[in-house]
Amino acid sequence: MLENFTSPFDATVVSLISGNGATIVGKANCDEFGMGSLNVHSVHGPVVNPFGLKSSLDGNHPAERRSAGGSSGGSAAAVAAGLCDAFIKDSALGTDTGGSVRLPASYCGVVGLKPSYGIVSRWGVVSFADSLDCVGVLGKDVSTVRRVHNVIATYDTKDPTAAPPRVRSKAAHACANRLQEIGGSQLTGLRIGIPQEYFPAELQPAVIGSTRRVIEQLRARGATIVPVSLPSTPYALSAYYVISSAEASSNLARYDGIEYGLRVEPPPGANLTKTANVYAHSRSRGFGTEVKRRILLGTYALSADAFENYFLQAQRVRNLIKADFSRAFGVSSVLDGPECSADQRDGVDVILHPSAIQTAPSLPHSIDGMTPGSASLDAYVQDVLTVPASLAGLPALSVPAGKGADGWPIGNMGKRKSTVITGLSRFLAEATEPDASSQSETFAPPSSTSQSGLDSPQVTRDAPKRDTSDTRSTKKPKLWAGLLAEGLEKYDATGLVPFYTEAHEVPEHLQKYFSQRERYFSMYSSGCLLDEEGWYSVTPERVADQIAERCRCDVILDAFCGVGGNAIAFARTCERVIALDISPVRLALARHNAAIYGVQDRIEFILADFLSFARALQTLPRSESGDGQPHRRKIDVVFLSPPWGGPSYISGSTTRAEALPESEGTSEDVHAEFSLESIRPIHGRDLFNVARGITKNVAYFLPRNANLKEISQLVAEDSSDGTAQNGSSTSTEKIEVEEEWMGSKLKALTCYFGGLVAGQEAMFDA
Ligand code: MGP
Ligand code: SAH
């Protein structure tokens, strides 16, 4: 799809390393769109693990073609082969969605780091699964990886999922304090957890042996080895493939052959009035088999029939996995938890386990010759030990840990509770020094061992417990107790996000919103659910009611549904609400919240990008042609409440001077003004024009510090009817700006256009 495409700009990570003196020596081979565990899904062919070639150089071994691991296999192979020796010698970047840096590191005998989610900017990185993708580092040794990591782990305002500076410094402090407690080169005080679930039957015996050696060395240096249990681990792989494929199916929708990438013209005579016909040819030819497989899997998981059983279930598993880690660490991740959720003294500092179930597998002679189903399943199983850290957003590092029975490298992995890797890397590097005394190759997993002197894990969990008693004679137990009343199960999103009832359960940065919960949803205590973005962007109920009153009509399009604050209010004043959002989780939360208000049946919740939706709408004929073909649905009002670029919107837009060249830019107020330029996903002015292409009746929810001059220019610049007026304010159309106050506090502005403005009612049906 992107074979002949050259990006017109560099990703932030590339600019950062170049700016710090690096020379980019080349782009490495990888699985197409990062999808694969063996690096065999690439137009350039598979990556061959250099270890097999190196060991043949002594003349005693034949060259062996084994996998370098995937998807960032090219980067790992390049480091292992010593091809990257500029800048910081022997390092390369890769991307890790479910193990794509750690697995190749393990197979190639190098160090691979997946930083915490959000620590390294994803801006400019081709997206696979937004909630999991991380840029990682591969290097010959731990100190190299640390140096590169320190250069690229920088806050980037261009990445909306970047961990904010507040979270970074909190993590750094927590880590520094803990390291001070441990102190010195001895590891006295360091608590290392060994998770019993990470020793599955498929693990090669030599991998167990090597892990055991590492554990013994760490213990000899004073570390305390603690068996831990992460009971949801067996469900992680399935949840990972559902979530990552669902996100991929949505992300890869952008490759339609229209704007960039491969374009294959439809054959002569094809019905071009159907947009899908136009896209299908490019997508069928441009994507490889594995990518298509995942798009189909993901699209299915998001379809109405499968959404509940697959997508929502996978999200619940993800939360259970995060909770497992929080319990083992005795503290929640700084990325999403309150200060401390369990007894920290019982928690471990790091968790250690093998990186992969085996040494590098042999490369298949031909990918096409593999049985499609079994081949991909075999490949998917390779990720079994790496995906939990991805689902939980935790940092994880794979370091070489000796050789397997076949003489090939083994990796061991550590996960850390904090977002900073200093310390852990040192411990692991020291622990895996080559003078390791060899030990027996048999190892009983800690949970069942008495020889190792480890106690059985004492881990409790408050997640739903499975009833193991014989239930045949009794009524089937209810497995899931949701927040919604009986009969509404299909709308129930319980478990997707926590339902907070007490302030102490709420992460610090959400406290201010939690204290206003009944303003957002007066029925909050009946079980309303909000995720992080939902908390800081939901429209307070009374404000939403006021807007809904002004927007009374037959059909309203709520282009940015979020957790449903406005959609629920519109359902009370409009016949029909079409609610869009690109986040399946928020859409599920909105539907759940609507069910609490009893209005879920008046709202059509559609997982869609507003821009694509609007584009698709334009291509349909206005009225029914009688031949059963879809036609353009009449939409009376479009409501826009787009993302304002995060909770820091109030500090204004630094680029405002550019946005309005005629402004003086001197007074303090000017600096605090919010420019439409900061609206996501596109410039607020362009977003407005897209909405006006659907109807003139637009309500636009904007920050209280929005620049009024820019807003007034919207109608003058409106090019939706093809009569752009180049900013000359000749338009006679009026705009009404409503201030949304709550008590003595101005919360936001709603700007009304077209027939929604008093005195312009005639425009409503125009
Ligand atoms: P706020 O200023 O972040 O919160 O947002 P708060 O606590 O009400 O204000 P404070 O100054 O008293 O601390 C005010 C309101 O703006 C919120 O209640 C939301 O309705 C809305 N809002 C905030 N953000 C960041 C967004 C956003 O990104 N998109 C949309 N559509 N609305 C937002
Ligand atoms: N009015 C909503 C809040 C909207 S917040 C409420 O009261 O709950 C903005 C929402 O826009 C987020 O949920 C985000 O996922 C969604 N979004 C971002 N880009 C989008 C796009 N291109 N199309 C549709 N929705 C989008």
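Counting starts at 1 for both ligands and their atoms, in listed order. Note: hydrogens, waters and symmetry copies are ignored here, and every other heavy atom, side chains too, is used.
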Could you tell me whether the side chain of [Y] reaches within less than 4.5 Å of the side chain of [X], counting heavy atoms only?
X    : Y    : answer
W644 : S641 : no
I694 : F610 : yes
R168 : I119 : yes

To which protein heavy atom is [atom] closest, and what is the distance rounded to 0.1 Å?
atom                    : result
atom 20 (O) of ligand 1 : V538 O, 2.6 Å
atom 15 (C) of ligand 1 : K747 O, 3.9 Å
atom 13 (O) of ligand 1 : K512 NZ, 2.6 Å
atom 24 (N) of ligand 1 : Y536 O, 3.2 Å
atom 11 (O) of ligand 1 : R704 NH2, 2.7 Å

Could you list which atoms of ligand 1 come closer than 4.0 Å to a heavy atom of [X]?
X    : answer
T539 : 20 (O)
S641 : 31 (N)
G646 : 25 (C)
P540 : 18 (O), 20 (O)
K745 : 10 (P), 11 (O), 12 (O)

Proximal candidate to [atom] [heavy atom criterion; set [options]]:
atom                    : options                : result
atom 20 (C) of ligand 2 : Y536, F610, F521, F560 : F560
atom 6 (C) of ligand 2  : G565, A559, P584       : G565
atom 5 (S) of ligand 2  : G564, A567, A614, S537 : S537
atom 22 (N) of ligand 1 : F701, Y520, W644       : W644
atom 2 (O) of ligand 1  : Y700, Y649, W535, F560 : Y649

key: Flag, side chain of R591 to backbone of K490, donor-acceptor distance under 3.5 Å   =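 Side chain of R591 to backbone of K490, a donor-acceptor pair under 3.5 Å: yes, one is there.
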
inquiry  = Is it the case that the side chain of E541 and the backbone of S522 share a donor-acceptor pair, with hydrogens and angles ignored and the cut-off at 3.5 Å?
reply    =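 A pair under 3.5 Å: yes.
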
task = Examine Y513 together with W535 and report whether their ring centres are nearer than 6.0 Å.
result =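 No, the ring centres sit 6.0 Å or more apart.
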
Heavy-atom pair of closest approach, residues N566 and D558 =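 Heavy atoms only, the tightest pair is CB-OD2, 3.9 Å.
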
note = For C751 and I735, the nearest pair of non-hydrogen atoms, with its separation, is CB-CG2, 4.3 Å

task = Classify the contact between P643 and ligand 1 as side chain, backbone, both or neither, using a heavy-atom distance cut-off of under 4.0 Å.
result = backbone

query = Hey, is P642 touching ligand 1 through its side chain, its backbone, both or neither, going by heavy atoms under 4.0 Å?
reply =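 P642 to ligand 1: backbone contact only, side chain stays beyond 4.0 Å.
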
Aromatic ring pairing [X]/[Y], orientation class (parallel under 30°, perpendicular over 60°, tilted between):
X    : Y    : result
Y524 : F514 : perpendicular
Y700 : F688 : parallel
Y255 : Y260 : perpendicular

So is [X] in contact with ligand 2, going by heavy-atom distances below 4.0 Å?
X    : value
A608 : yes
L611 : no
A544 : no

Side chain or backbone of [X] under 4.0 Å from ligand 2, or both, or neither, by non-hydrogen atoms?
X    : result
S641 : both
E533 : side chain
C561 : backbone

ask   = So is E533 close enough to ligand 1, meaning a heavy atom under 4.0 angstrom away?
value =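 It does not; every heavy atom stays at 4.0 Å or beyond.
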
